[in-house]
Each structure stands twice: as C-alpha cells, then as structure tokens.
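Presented below is the structure to which this report refers.
Positions are given from 1, in the same order as the sequence printed here. Since this is a predicted model, take the numbers as computed values, not measurements.
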Amino acid sequence: MTETPCFFHQRADGVFVGNDPARGPWSEDHCHAGPVAGLVARAAEVEVGPGKVLTRLTMDVLRPVPLAGIRVAAETTRHTKTLATTRVTVHDLDDLLLVQATTMHLSERDLGPVPTPEVAAPKIEEATPGPFAIGTGRHEKPNFARLLEARYPPGHGFGPGPKTLWLRTPDLVEGEETSPVQGICALADCGNGISWNQPTSEMGFMNTDLTLQIHRMPEPGWHASEAISHWQSNGIGMSQAVLYDTKGPVGTALQTLVLFPAG
C-alpha cells in the first residue's frame, strides 16, 4: 500500500491546510471532523504542556471546516496540581468560528495494581482488509474513507448496523510526531460512519459534536472502534463507540447526529 500523506500540513503563518486524507465524505471542499479533532487535541496538549494527560475532549462542530485553511487556538481555563482544562477554537481564514471545544487533562500517579474488569481487544491478526465502513460518500475525490486502511474482525464487514472496525491513520501534521490521543481522534469521530443504518445514498448522518474520553494512553498503530448508531424519526441520532488498541479498551466516543434523507 502506498504511504498515505499526513492529514494536514502547516504553513509558515501557522495555518493548517488539509491534505486528501482529511477530506470528509459529504463535501469535496471540507474536512472530516476526526482529523480536526486531532488538531484540537494537539493545541490543547501544547497549551497544557507535559505532566498531564488529555482524558476528555468535547467538540462542537458549528460549521463545515474547509480544507483550504484553518487556524487553531487554545487557552487554559484552569491549571492545578491535579488537573488542567482548556478552551480550543477553530476559525477559517475570514475569522469565522467553525469549532469550539473544551478539554480535561489529569496528572498521572503510580498506584500499583488496581482491580478493573479484564476486557480483551478484538484480535488484529484475525482481521481481514475491506473498504472503510461508510462506503463511497457523496463525491468522487480522494478522501478519508478511500485512502485509509481498514480491517474487519471475523463476523464483521461492510454493511448496515453495529460493527467493529480496525483503522490505521496517518500522522496528523506533516513533519511532527503524533501523540497517542491525537492518533486516535480520527477513529473516535468515525462511530457514525462505521455503524450507519442506511447507506449515504439514502440517508445522511452527519455528527454535530464529539465527546472523547480516554482512560489509558493508546498504543500507536492499529486502533478499533466497536460502534452502534441509534436513529430516530425526529431526525436526530446518536453514535456510541468503545475504542481499543491491540492490548484492550482505551476509551469511549459519543456523537450527536443530524439525519437528512437523500434528495
């Protein structure tokens, strides 16, 4: 497989420009929200600095995010010995607010062994390659779903309904090392695209937000999402997912969905 480009490159003036893998399924000119969530996590981690780990990211997607260029800014809202919180914003080049987010960061302590349920991850070595779960999307340009490498555990595959999917994502920003949380953000925003109940040719299911919670730093490489979507006749839906690395569960992701029939 040809090496996939990073999601973004950063210009000398600080603007992030999306590459083909950052393009979403709904519009050829706008980003998938998952890579944008990675930029939000990146800004928050830089703002807080070392010594604390990002444990929650809540992001409201107010407007489509253009591939052509965005600015990301973070500010600390609280910083103590135990925790730190930030507010992160994403603006377009005309200074229009596109995304607003908050994050929580906690200090780690060494408690030694503690009781916790043992939950095994799906086995990546048993998974088989397949198309990304959302299918082709609503345009023909190279995009997130067409360029990323996906695998399915036994008993799962392309089709409607709840399912588990493994995904390996490229680095977030060209020339930079991607942190563990940044690396799983793109998958965290895929719950709706993994567990859709009708194909995009019949129903749109765009998310308006993302809440990611992490209880253990993910290992790099392959990550899995065990996702289910609930759709309602009032045009509102929800996706919920458990996220894994190859060693076990690392967190959860929730999305609120807007449903819009095709045509």
Side-chain angles (χ1 to χ4, degrees), residues 33-60 74 76-88 101-124 127 151 153 162-169 171-172 177-195 207 209-230 238-256:
V36 177
L39 289 182
V40 169
R42 174 187 178 276
E45 288 182 321
V46 170
E47 173 70 11
V48 170
K52 293 182 173 63
V53 297
L54 194 158
T55 57
R56 179 190 54 78
L57 183 157
T58 300
M59 181 174 85
D60 296 327
T76 299
T77 52
R78 181 152 176 80
H79 201 139
T80 71
K81 182 178 179 180
T82 302
L83 63 84
T85 58
T86 75
R87 178 176 180 266
V88 183
T102 61
T103 66
M104 172 69 72
H105 308 247
L106 296 179
S107 298
E108 291 185 293
R109 293 177 293 160
D110 185 4
L111 302 182
V114 296
T116 192
E118 294 294 330
V119 179
K123 295 182 179 180
I124 183 64
R151 294 184 183 179
K163 67 180 69 68
T164 299
L165 176 131
W166 286 97
L167 196 67
R168 183 160 60 181
T169 59
D171 284 336
L172 180 65
E177 183 177 353
T178 302
S179 79
V181 173
Q182 294 167 28
I184 207 168
C185 279
L187 177 65
D189 192 67
C190 286
N192 58 334
I194 293 171
S195 60
N207 62 300
D209 60 19
L210 169 68
T211 296
L212 168 64
Q213 289 192 290
I214 294 291
H215 56 80
R216 175 174 66 80
M217 286 298 99
E219 298 289 327
W222 286 94
H223 300 129
S225 174
E226 182 183 63
I228 184 172
S229 286
H230 304 279
M238 184 191 75
S239 166
Q240 58 191 89
V242 178
L243 305 177
Y244 298 86
D245 61 15
T246 56
K247 293 184 177 180
V250 297
T252 60
L254 295 174
Q255 300 168 298
T256 306

Could you walk me through whether Arg78 and Leu83 pass the side-chain contact (heavy atoms from CB on, under 4.5 Å) check? CA-CA 8 Å; Arg78 181 152 176 80; Leu83 63 84; 4.2 Å; yes
Separation between [atom1] of [X] and [atom2] of [Y], rounded to the nearest 0.5 Å:
{"X": "Arg151", "Y": "Trp222", "atom1": "CZ", "atom2": "CH2", "answer": "4.5 Å"}
{"X": "Thr80", "Y": "His105", "atom1": "OG1", "atom2": "NE2", "answer": "12.0 Å"}
{"X": "Leu210", "Y": "Thr256", "atom1": "CG", "atom2": "OG1", "answer": "9.5 Å"}
{"X": "Lys81", "Y": "Lys52", "atom1": "NZ", "atom2": "NZ", "answer": "9.5 Å"}
{"X": "Met104", "Y": "Ile214", "atom1": "CE", "atom2": "CD1", "answer": "14.5 Å"}
{"X": "Thr55", "Y": "Arg216", "atom1": "OG1", "atom2": "CZ", "answer": "15.0 Å"}

Taken in chain and number order and not counting sequence neighbours, the residues that satisfy side-chain contact (heavy atoms from CB on, under 4.5 Å) with Ala227 are Ile194, Ser195, Ser225, Ala241
The criterion is side-chain contact (heavy atoms from CB on, under 4.5 Å); which residues satisfy it with Ala186, sequence neighbours excluded?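 Testing Ala186 for side-chain contact (heavy atoms from CB on, under 4.5 Å), a comparison that skips the adjacent residues, returns Phe7, Pro35, Phe144, Thr169.
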Where [X] and [Y] come nearest, the two heavy atoms and their spacing:
{"X": "Ala253", "Y": "Ala188", "value": "CB-O, 3.4 Å"}
{"X": "Ala127", "Y": "Trp166", "value": "CB-CD1, 3.8 Å"}
{"X": "Val88", "Y": "Ala44", "value": "CG2-CB, 4.2 Å"}
{"X": "Glu177", "Y": "Gln182", "value": "O-OE1, 4.4 Å"}

Taking C-beta and beyond as the side chain, do [X] and [Y] meet within less than 4.5 Å on heavy atoms?
{"X": "Val40", "Y": "Leu57", "answer": "yes"}
{"X": "Val53", "Y": "Met217", "answer": "yes"}
{"X": "Ile184", "Y": "Val250", "answer": "yes"}
{"X": "Arg168", "Y": "His223", "answer": "no"}
{"X": "Ile228", "Y": "Ser239", "answer": "no"}

What do the steps show when you test Tyr244 against Thr164 for side-chain contact (heavy atoms from CB on, under 4.5 Å), and what is the final call? CA-CA 10 Å; Tyr244 298 86; Thr164 299; 5.7 Å; no
Judged by modelled atom types alone, do [X] and [Y] share a side-chain donor-acceptor pair under 3.5 Å?
{"X": "Gln255", "Y": "Asp189", "result": "yes"}
{"X": "Ser179", "Y": "Glu45", "result": "yes"}
{"X": "Asn192", "Y": "Ser229", "result": "no"}
{"X": "Arg87", "Y": "Thr76", "result": "no"}
{"X": "Thr77", "Y": "Thr85", "result": "yes"}

Tell me if a side-chain donor or acceptor on [X] pairs with a main-chain N or O of [Y] at a distance below 3.5 Å.
{"X": "Thr178", "Y": "Leu172", "value": "yes"}
{"X": "Thr86", "Y": "Thr102", "value": "no"}
{"X": "Asp245", "Y": "Glu219", "value": "yes"}

